[in-house]
Asker: 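Okay, here's the structure, questions in a sec.
Ligands are counted one by one from 1 in listed order, and the atoms in each one are counted from 1 as well. Source: prediction; values computed, not measured.
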Amino acid sequence: MIRISHAWKFFGELTALNDVSLDVMPGEKVVICGPSGSGKSTLLRSINRLETVDKGSIIVDGQDVNSPDNDINKIRQELGMVFQSFNLFPHKTVLQNLTMAPMRLRKIPRAEAENRALELLKKVGISDKANVFPAMLSGGQQQRVAIARAPAMNPKIMLFDEPTSALDPEMIGEVLDVMVTLAREGMTMVCVTHEMGFAREVADRIIFMDHGQVLEENAPQEFFGAPKHPRLQKFLNQIL
Ligand code: ADP
Ligand code: MG
């Protein structure tokens with residue numbers, strides 16, 4: 001579903017991605033962790049070309065995201081992205097936040113888009129909030145709307161960039177529950193997160209990055225049970 005081959009990204013003198021290669025299979029759940037500044041967001045953002053890699057290639061569902069022959073907007077429709085900040089449209093209701101893109105970009109009729117949106121809101125446990133504005137919701141509720149908005153477009157892949165790190169501790173669980181539900185439904189997911197309980201429960205593979213490099217990549221059991229790289233050992237000691 002995603003094939004990243006020898007990706008490099010430079011910001012001036014700084015090497016944000018240092019020869020990163022990563023394959024994600026259909027339905028696979030990959031968790032990416034690593035210290036702040038290690039290149040996790042840059043990697044995720046390169047997948048939908050919010051950043052452009054300087055060297056190497058990124059193929060999403062058979063399409064090179066950096067090829068001028070491919071329509072990046074078409075590719076982006078297949079990629080649902082959830083950020084740390086919820087990025088909801090403040091002047092639109094919760095329901096409108098979920099129906100706008102499917103109606104405009106997928107040309108889905110209003111009634112159908114609204115039905116689907118209500119279904120998704122029910123799934124994330126906030127169907128009673130369909131007609132309120134985002135400012136009326138708690139952070140956890142806003143993030144659940146943001147998460148429900150992505151599958152409203154029927155993407156093939158969902159990318160999460162630290163979706164719980166801006167939330168109050170008591171709201172983290174409800175957002176992770178929604179992500180677990182999506183994972184169970186077979187969605188292909190790439191999640192940058194430090195929620196190691198989530199990683200243990202849903203990840204097929206966990207990737208550890210530091211200084212723009214992938215230093216370790218393993219199934220949860222080995223990743224946590226027998227970390228090999230000293231920097232990963234240190235990282236796990238700090239966060240667990
Ligand atoms: P992470 O998500 O792991 O915290 P990032 O991918 O955001 O790390 O950043 C990796 C490195 O690249 C950091 O040193 C960061 O300061 C730098 N960086 C990220 N985006 C930019 C940018 N637009 N301009 C300059 N430097 C950047
Ligand atoms: Mg980041």
Asker: Parallel, tilted or perpendicular, judged at 30° and 60°: which one describes the rings of Phe235 and His194?
Answerer: perpendicular
Asker: Would you give me the side-chain donor-acceptor pairs under 3.5 Å for residues 128-139, sequence neighbours excluded?
Answerer:
unit_1: Ser138; atom_1: OG; unit_2: Gln141; atom_2: N; d: 3.1
unit_1: Ser138; atom_1: OG; unit_2: Gln141; atom_2: OE1; d: 3.4

Asker: Answer yes or no: is there a donor N or O on one side and an acceptor on the other, between the side chain of Lys29 and the main chain of Gly27, under 3.5 Å?
Answerer: yes
Asker: Any Lys/Arg nitrogen of Glu112 or Arg106 sitting under 4.0 Å from an Asp/Glu carboxylate oxygen of the other?
Answerer: no
Asker: Name all residues meeting the ring pair (Phe, Tyr, Trp, His ring centres under 6.0 Å) criterion together with Phe198; count only those two or more places apart in sequence or in a different chain, and write none if there are none.
Answerer: none
Asker: Are Arg3 and Asp23 within salt-bridge range, i.e. N to O under 4.0 Å?
Answerer: yes
Asker: Around ligand 1, what residues show up once you keep those with a heavy atom under 4.0 Å from it?
Answerer: Phe11, Leu14, Ala16, Pro35, Ser36, Gly37, Ser38, Gly39, Lys40, Ser41, Thr42
Asker: Around the Mg ion (ligand 2), how many protein N, O or S atoms are there at under 2.8 Å?
Answerer: 1
Asker: Kindly say whether Met1 contributes a backbone atom to a donor-acceptor pair with the side chain of Lys156 at under 3.5 angstrom?
Answerer: no
Asker: Would you say Ser21's side chain and Ser5's backbone share a donor-acceptor pair under 3.5 angstrom?
Answerer: no
Asker: Check the angle between the aromatic planes of Phe89 and His91 and answer parallel, tilted or perpendicular using the 30° and 60° thresholds.
Answerer: perpendicular
